[in-house]
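A quick write-up on the structure given underneath.
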Amino acid sequence: MALSLDTVTVEASRAEDARAFHAAVFTEGATADSPVVDLNGTGRLSFEATGSNTTGFRGCVLSVIVERPAEVQTLVERATAHGAEVVKPPRKELFGEYTAVFRAPDGTLWKLAAATKKNRGAVPEPPEPVETAVYLGVTSPKASRGFYEALGMETRHDYGDKFVDFTTATGTSRLGLLRRAALAKDVGVDEHGTGPTGVVLTHTAASCADLDALLSRAETAGAAVTVPEPNTRTGGFTDPDGHRWRITAVV
């Protein structure tokens with residue numbers, strides 16, 4: 001078994017408001033009945049209430065990649081219409097990438113990027129993500145790569161202590177690692193902050209045996225592990241940089 005990023009759980013003081021915001025931005029609208037927001041089959045968002053206080057940069061950035069620059073602009077417009085703050089307005093970057101960054105009302109930072117430079121074809125409404133990702137700010141991407149490889153992830157790009165990411169399966173989000181200061185600079189915020197990241201990265205294990213095996217491997221690799229309570233199918237761990245994972249067995 002290998003660790004995969006199946007669902008991103010967003011923590012918010014008002015979980016229903018956070019769900020409504022993300023449904024309004026990324027789907028047909030805020031009236032969707034499902035508690036989970038599906039990002040066009042490229043990843044999933046769930047939401048839960050928290051009483052934790054976080055200030056400043058959370059050390060985690062969520063990302064959506066769409067096909068066209070116009071889709072980036074549309075997503076920013078939808079986000080601001082529902083209360084988001086634009087951190088970096090839509091623009092073409094130095095090497096041709098078209099990006100934008102916004103902060104959701106619940107505090108999560110989103111980076112949007114276009115996979116192509118031109119607006120070819122009709123722009124879908126709502127925009128359709130072709131990939132989602134979660135970028136974690138870490139002390140050393142090289143060291144964190146070793147931790148996640150020990151849990152079965154396969155490295156896709158490896159730029160040493162600058163950037164590492166991993167391959168994905170269909171329907172899951174990509175995991176990327178940058179130094180905390182570099183990640184904050186990329187999205188245009190100050191690197192300092194306190195408190196939890198505001199997200200819990202969630203993996204669905206095929207069985208209780210797989211759940212136990214992943215937790216054991218995580219502990220051996222240096223994680224702080226929370227083992228499942230008796231007669232439950234959910235455990236978790238905190239990686240060496242403080243990023244939290246939840247593992248749930250389906251059977």
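Just so we're clear, the structure is a prediction, and the values are computed from it rather than from any experiment. Reckoned from all heavy atoms, side chains included, excluding hydrogens, waters and symmetry mates.
In the hydrophobic clustering of ILVMFWY residues, with side-chain heavy atoms under 4.5 Å counting as a link, Leu62 and Phe21 come out together. When hydrophobic clusters are built by joining Ile, Leu, Val, Met, Phe, Trp and Tyr residues whose side-chain heavy atoms come closer than 4.5 Å, directly or via intermediates, Met1 is grouped together with Met153. Hydrophobic clustering of Ile, Leu, Val, Met, Phe, Trp and Tyr side chains at less than 4.5 Å, counting indirect connections, keeps Val61 apart from Val8.
Of all the heavy atoms in Phe26 and Pro126, the pair that sits closest is O-CG, 4.2 Å. Closest approach of Ser173 and Thr132 over heavy atoms only: OG-OG1, 2.8 Å. Of all heavy-atom pairs between Ala113 and Thr99, the closest is CB-CG2, 4.0 Å. Nearest heavy atom pair, residue Gly176 against residue Asp165, reads CA-CB, 3.9 Å. When all heavy atoms are compared, the tightest approach of Gly160 to Pro141 is O-CB, 3.7 Å. Among all heavy-atom pairs drawn from Glu128 and Asn40, the shortest one is CB-ND2, 3.5 Å.
No donor-acceptor distance shorter than 3.5 angstrom exists from the side chain of Asp241 to the backbone of His243, with no hydrogens or angles considered. Between the side chain of Arg217 and the backbone N or O of Ala2, no donor-acceptor pair lies under 3.5 Å. A side-chain donor-acceptor contact under 3.5 Å links Thr27 to the backbone of Ala23. Looking only at distances, no side-chain donor or acceptor of Ser216 sits under 3.5 Å from a matching main-chain atom of Asp212. No donor-acceptor distance shorter than 3.5 angstrom exists from the side chain of Arg246 to the backbone of Thr234, with no hydrogens or angles considered. A distance-only check finds no donor-acceptor pair linking the side chain of Thr197 to the backbone of Gly59 [under 3.5 Å].
Other residues, nucleotides and ligands contribute more than 12 heavy atoms inside 6.0 Å of the CZ atom of Arg244. Counting non-hydrogen atoms of other residues, nucleotides and ligands closer than 6.0 Å to CZ of Arg156 gives a total above 12. For Lys142, the NZ atom sits in a loose shell: 12 or fewer heavy atoms of surrounding residues, nucleotides or ligands are nearer than 6.0 Å.
In this structure, the side chains of Leu211 and Pro228 come closer than 4.5 Å at one or more pairs of heavy atoms. Between Ile247 and Phe237 there is a side-chain heavy-atom pair separated by less than 4.5 Å. Using a 4.5 Å cut-off on side-chain heavy atoms (C-beta onward), Val66 and Val72 make contact. Side-chain contact check for Val64 versus Trp110: some heavy-atom pair is nearer than 4.5 Å. Side-chain contact check for Leu151 versus Phe147: some heavy-atom pair is nearer than 4.5 Å. Put simply, the side chain of Pro90 does not reach to within 4.5 Å of the side chain of Leu112, judged on heavy atoms. Between Trp245 and Leu214, every side-chain heavy-atom pair lies at or beyond the 4.5 Å cut-off. No side-chain heavy atom of Val187 sits under 4.5 Å from any side-chain heavy atom of Val87.
Side-chain contact, Thr74 with Glu125: no donor N or O sits under 3.5 Å from an acceptor N or O. Donor-acceptor pairing under 3.5 Å is recorded for the side chains of Thr9 and Ser46. In the model, Asp106 has a side-chain atom that pairs as donor or acceptor with a side-chain atom of Thr108 under 3.5 Å. Side chains of His192 and Asp190: a donor-acceptor N/O pair is present below 3.5 angstrom, by distance only.
Partner of Phe166 under the side chain to side chain contact (heavy atoms under 4.5 Å, CB included) criterion, out of Arg174, Arg145, Glu154: Arg145 alone. Among Thr155, Leu136, Val164, the one residue that satisfies the side chain to side chain contact (heavy atoms under 4.5 Å, CB included) test with Tyr148 is Leu136. Screening Gln73, Lys118, Arg68 for a side-chain hydrogen bond (donor to acceptor under 3.5 Å, both in side chains) involving Tyr98 leaves a single residue, Gln73.
Arg44 has no carboxylate O lying under 4.0 Å from a charged side-chain N of Asp6, or vice versa, which leaves the two without a salt bridge.
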